[in-house]
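Hydrogens, waters and symmetry mates are skipped; everything else that's a heavy atom, side chains included, is used. Each ligand, and each atom within it, is numbered from 1 in the order the structure gives.
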Amino acid sequence: MKNKFVVDRLRPFGETIFATMTQKATDAGAINLGQGFPDEDGPRSMLEIATQQILDGNNQYSAGRGDPLLRSAIAEDRYRRFKVEYDPGTEVLITVGATEAISASVLGLVEPGEEVIVFEPYYDAYAAAIALAGATRVAVPLKEDGDTWALDIDALHAAVTKKTAMIIVNSPHNPTGSVFSKRSLEALAGIARAYDLLVLSDEVYEHLTFNKIEHTAVASLPGMWDRTITVSSAAKTFNVTGWKTGWALAPAPILDAIIRAKQFMSYVGATPFQPAVAHAVVNEKPWINQMRKNLQTKRDVLSEALTHAGVKVHASHGTYFVVADIGNRDGAEFCFDLIERVGVAAIPVQAFVDNPEQWSSKVRFAFCKKEDTMLAAAERFRAAGIL
Ligand code: PMP
Ligand code: GLN
């Protein structure tokens with residue numbers, strides 16, 4: 001229903017698909033493989049430090065750019081893994097989740113009327129951030145590539161205009177589970193350099209790649225450090241989606257523009273979580289590795305159960321999502337029906353696109369739940385027969 005109070009630029013955005021599906025799943029007692037959040041906690045040491053920080057009185061505003069300990073931990077980690085250097089004093093910003101890093105980047109760096117290219121299907125927060133900035137979203141569809149998806153570099157090239165200011169890219173990719181090849185990201189980088197574009201690289205799933213597939217940090221590609229904003233978050237790496245602790249890394253002048261927006265959105269994020277995340281970034285690599293292994297097993301359990309239930313399953317090389325193709329049916333109707341009939345919630349991929357035709361038969365399932373939860377979901381699929 002039309003609400004006269006909503007400003008024009010937010011009119012296209014109703015309740016998020018995640019909130020809708022989670023509510024429906026809760027009401028129906030369904031297993032929630034829709035919204036991507038884990039149902040088990042992150043490393044114990046990290047939880048204990050956060051608790052202790054609160055009890056010890058670290059409960060006031062942090063430094064404007066975030067806890068220096070966390071900024072240093074992130075900068076060192078980036079250097080160790082990708083050989084990209086960031087000064088923790090001027091080139092790292094702690095944000096209220098990756099979501100705020102994304103919104104503040106678009107608000108601080110893109111003028112009203114400029115264009116931002118996103119790859120479709122795209123994470124829903126990109127569209128809202130672009131709309132809030134009064135900018136224009138230009139969606140370039142991913143292309144199917146075997147049993148996964150790839151960047152369509154020709155289509156990207158064709159989408160660039162004089163008004164293009166930024167490309168937003170997300171690898172490992174939500175919702176498809178694709179991990180874009182280094183070569184294709186290099187091609188994207190070539191276009192960004194040729195047309196002098198900023199690139200916002202959303203790397204929240206940077207640690208969640210499977211079968212020895214490597215994550216590529218866009219800022220590490222030749223000529224890209226200068227023009228890349230890298231966004232990530234503790235949410236997916238340490239199972240703390242509710243801590244809303246994320247970050248942005250960029251050269252000082254670019255980060256300065258992002259801070260201009262961020263400081264008035266939230267000023268700072270929650271203080272006591274930051275030393276805890278810093279500890280985890282430095283010390284909990286073995287925990288991350290174990291989680292990644294467990295996720296791979298759960299991906300296989302889910303993919304097999306879906307295949308047995310008669311739907312085509314695409315490969316998931318990263319993130320904690322797998323996409324199924326339900327043939328000649330509508331994904332949204334299928335998802336509503338699945339909750340009632342089978343007791344499992346999923347997300348229709350068409351919620352993330354401007355051009356639904358190519359995507360209306362695709363449905364995203366999350367496999368970041370406990371093994372028991374995944375086995376229970378698999379059992380529900382088995383009991384339901386052909387989906
Ligand atoms: N980007 C992508 C691709 C995501 O899937 C999510 C959701 N976790 C976010 C950003 C937002 O991350 P956060 O919860 O840290 O705000
Ligand atoms: N990133 C999560 C997902 O894709 C959910 C985030 C949200 O609910 N906004 O499922």
Side-chain angles (χ1 to χ4, degrees), residues 13-26 31-39 42 66 70 74 93-106 118-130 142 149 167-180 200-209 215 218 229-249 262 265-266 269-270 273-274 277 280-281 295 302 316 318-323 335 345-353 362-369:
F13 302 91
E15 181 180 66
T16 79
I17 187 71
F18 306 115
T20 306
M21 285 302 180
T22 290
Q23 190 58 51
K24 281 199 183 303
T26 308
I31 297 174
N32 190 356
L33 306 187
Q35 192 174 29
F37 65 91
D39 59 357
L70 178 55
I74 291 164
L93 174 68
I94 308 305
T95 55
V96 181
T99 307
E100 190 192 47
I102 293 161
S103 302
S105 299
V106 177
V118 293
F119 292 98
E120 177 173 278
Y122 52 79
Y123 185 58
D124 61 352
Y126 307 154
I130 295 164
L142 295 178
W149 284 269
I167 301 170
I168 301 183
V169 64
N170 163 228
S171 180
H173 181 256
N174 177 10
T176 63
S178 319
V179 178
F180 304 133
L200 192 164
S201 182
D202 178 346
E203 302 183 14
V204 296
Y205 300 100
E206 59 186 298
H207 291 281
L208 307 186
T209 59
H215 170 67
V218 171
I229 304 106
T230 303
V231 168
S232 195
S233 161
K236 310 297 148 105
T237 303
F238 298 116
N239 282 5
V240 282
T241 60
W243 283 16
K244 295 304 299 185
T245 301
W247 45 87
L249 302 112
K262 185 265 186 296
M265 293 165 72
S266 58
F273 300 129
Q274 297 183 31
V277 173
V281 169
L295 271 176
L302 176 63
S316 170
T319 73
Y320 39 50
F321 305 115
V322 65
V323 169
C335 287
I347 301 278
V349 171
Q350 66 200 348
F352 308 105
V353 305
K362 308 288 183 195
V363 173
R364 186 195 85 173
F365 293 84
F367 51 84
C368 50
K369 311 292 173 175

A.B. asks: Is there a heavy atom of Glu100 sitting under 4.0 angstrom from any atom of ligand 1?
C.D. replies: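 Heavy atoms of Glu100 never come under 4.0 Å of ligand 1.
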A.B. asks: Val363 and Ala346: which non-hydrogen atoms are nearest, and at how many Å?
C.D. replies: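 That would be CG1-CB, 3.5 Å.
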A.B. asks: To the nearest 0.1 Å, how far is atom 9 (C) of ligand 1 from its closest protein heavy atom, and which atom is that?
C.D. replies: Tyr123 CE2, 3.5 Å
A.B. asks: Considering Ser232, Ser233, Pro175 one by one, which has a heavy atom nearer to atom 15 (O) of ligand 1 than any of the others?
C.D. replies: Ser233
A.B. asks: How are the rings of Phe321 and Tyr205 set relative to one another: parallel (under 30°), tilted (30 to 60°) or perpendicular (over 60°)?
C.D. replies: perpendicular
A.B. asks: What about Thr241: any of its N or O atoms under 3.5 Å from an N or O on ligand 1?
C.D. replies: no
A.B. asks: Note the single closest protein heavy atom to atom 12 (O) of ligand 1, along with its residue, its atom name and the distance in Å.
C.D. replies: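 Of the protein heavy atoms, Ala98 CB, 3.5 Å lies nearest.
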A.B. asks: Is ligand 1 less than 4.0 angstrom away from at least one heavy atom of Phe37?
C.D. replies: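 For ligand 1, residue contact (heavy atoms, under 4.0 Å) with Phe37 is absent.
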A.B. asks: Protein residues near ligand 2, heavy-atom distance below 4.0 Å?
C.D. replies: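 For ligand 2, the contacting residues are Phe18, Gln35, Gly36, Tyr123, Asn174, Tyr205, Lys236, Phe321, Arg364.
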A.B. asks: Examine distances only and state if a side-chain atom of Asn170 and a backbone atom of Pro172 form a donor-acceptor pair shorter than 3.5 Å.
C.D. replies: yes
A.B. asks: Which atoms of ligand 1 are found less than 4.0 Å from any heavy atom of Asn170?
C.D. replies: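 Reading through ligand 1 atom by atom, the close ones are 3 (C).
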A.B. asks: Using a 4.0 Å cut-off to any heavy atom of Asn174, which atoms of ligand 1 qualify?
C.D. replies: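 Every atom of ligand 1 under 4.0 Å from some heavy atom of Asn174: 3 (C), 4 (C), 5 (O).
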A.B. asks: Gly97 heavy atoms, cut-off 4.0 Å: which ligand 1 atoms fall inside?
C.D. replies: 15 (O), 16 (O)
A.B. asks: With no hydrogens and no angle check, do the side chains of Ser266 and Lys262 hold a donor and an acceptor under 3.5 Å apart?
C.D. replies: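 Yes.
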A.B. asks: Regarding ligand 1, does Val204 bring an N or O atom to under 3.5 Å of one of the ligand's N or O atoms?
C.D. replies: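 N/O-N/O distance below 3.5 Å does not exist for this pair.
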A.B. asks: Tell me, which protein residue and heavy-atom name are nearest atom 8 (N) of ligand 1, and how many Å apart are they?
C.D. replies: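 Result: Lys236 NZ, 1.8 Å.
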A.B. asks: For atom 1 (N) of ligand 1, what's the nearest protein heavy-atom neighbour? Residue, atom name and distance, please.
C.D. replies: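 Looking only at protein heavy atoms, the one closest to atom 1 (N) of ligand 1 is Asp202 OD2, 2.6 Å.
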A.B. asks: May I ask you to identify the nearest protein heavy atom to atom 16 (O) of ligand 1, giving residue, atom name and distance to one decimal place in Å?
C.D. replies: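 The protein heavy atom lying closest is Thr99 OG1, 2.6 Å.
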A.B. asks: State the atoms of ligand 1, each with its element, that fall below the 4.0 Å cut-off from a heavy-atom position in Lys244.
C.D. replies: 13 (P), 14 (O), 16 (O)
